[in-house]
Amino acid sequence: MSERELRRNLAILPIGTVRELTLLSDRQIRYYEQNELIMPNRGAGGQRRFSLNDVDRLLEIKDFLDAGDSIKDIQEIFAKQHRIALEKHDSELALRRSLQKEFAQIGRFGR
DNA sequence: CTTCTCACA
DNA sequence: TGTGAGTA
């Protein structure tokens with residue numbers, strides 16, 4: 001994983017900061033967590049720790065809600081996004097393997 | 001002072 | 001979703 005990805009996944013923001021960043025109430029943020037739309041880490045004392053990705057996700061949730069989508073609709077949207085991300089990962093992995101194989105062939109002919 | 005969970009005149 | 005109670 002790149003350093004940039006690790007940084008975006010660093011969960012260190014307390015709910016108060018996230019509340020101001022997203023303009024959502026802490027009540028809403030906890031409610032979305034109950035509905036598995038977000039799953040922040042937990043720190044000392046059971047306090048939630050959010051990452052920048054969590055903040056982006058909350059912003060998306062707010063937009064979808066404003067657009068009229070229900071909690072369940074958003075759950076499905078995220079599930080679909082997750083499937084697409086997995087497929088993309090698999091296809092890229094397959095491409096790397098086939099290219100690696102072809103280069104190996106070229107290497108043998110060049111000898 | 002901030003956050004957490006739980007309950008609801 | 002909001003709010004108040006009682007904690008940690």
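Just so it is clear, the model here is predicted, and its values are computed rather than measured. Per chain, numbering begins at 1; letters A, B, ... match sequence-line order.
One distance of note links CG of N41(A) with CE of M39(A); it measures 8.0 Å at 0.5 Å rounding. If you take CD1 on I61(A) and CD1 on I38(A), they are separated by 5.5 Å, rounding to the nearest 0.5 Å. The structure places CG of L58(A) at 8.5 Å from CG of L37(A), a figure rounded to the nearest 0.5 Å. To the nearest 0.5 Å, atom CG of residue L13(A) and atom CG of residue L21(A) are 7.0 Å apart. Taking CD1 of I77(A) as the reference point, atom CD of Q75(A) lies at 10.5 Å (rounded to 0.5 Å). Expressed to the nearest 0.5 Å, how far CG of L99(A) lies from CZ of R96(A) amounts to 9.5 Å.
Here S25(A) does not reach the OP1 or OP2 of dT1(C): none of its side-chain N or O atoms lies under 4.0 Å away. Between Y32(A) and dT1(C), a side-chain N or O to OP1/OP2 separation shorter than 4.0 Å is present.
R30(A) pairs by the salt bridge (charged side-chain N to carboxylate O under 4.0 Å, His left out) definition with D26(A), not counting sequence neighbours.
When the side chains of ILVMFWY residues are joined at heavy-atom separations under 4.5 Å, either directly or via intervening members, V55(A) and L10(A) end up in two distinct hydrophobic clusters. Y31(A) and I74(A) fall within the same hydrophobic cluster, defined by Ile, Leu, Val, Met, Phe, Trp and Tyr side-chain heavy atoms under 4.5 Å apart, directly or through other members.
The outermost nucleotides of DNA chain B lying under 4.0 Å from heavy atoms of chain A, listed 5' to 3', are dT3(B) to dT5(B).
Other residues, nucleotides and ligands contribute more than 12 heavy atoms inside 6.0 Å of the CD atom of E92(A).
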Might you work through the side chain to side chain contact (heavy atoms under 4.5 Å, CB included) test for F50(A) and T17(A), ending with a clear yes or no?
CA-CA 9 Å; F50(A) 302 78; T17(A) 301; over 6 Å; no
Between F103(A) and I106(A), does the side chain to side chain contact (heavy atoms under 4.5 Å, CB included) criterion hold? Intermediate values first, please.
CA-CA 5 Å; F103(A) 285 138; I106(A) 293 173; 4.1 Å; yes
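Within 4.0 Å (heavy atoms only), R48(A) reaches sugar-phosphate atoms of the nucleic acid but no base atom.
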Please encode protein proximity along nucleotides 3-8 of chain C as a string of B, S and -, counting only heavy-atom distances under 4.0 Å.
B-----
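Taking the nucleotide of DNA chain B with the nearest heavy atom to each of Q34(A) and G16(A), the more 5' of the two is matched to G16(A).
The side chain to side chain donor-acceptor pair (under 3.5 Å) analysis of residues 46-70 of chain A, with sequence neighbours excluded, yields the pairs R8(A)-N53(A), R8(A)-D56(A), N9(A)-N53(A), E33(A)-R48(A), S51(A)-D54(A), S70(A)-D73(A).
Counting only Watson-Crick and G-U wobble pairs whose two distances sit under 3.5 Å, DNA chain C takes part in these stems of three or more pairs: B:4-8 with C:2-6.
Contact check of residues 49-79 of chain A against DNA chain C (heavy atom, cut-off under 4.0 Å) returns no residues at all.
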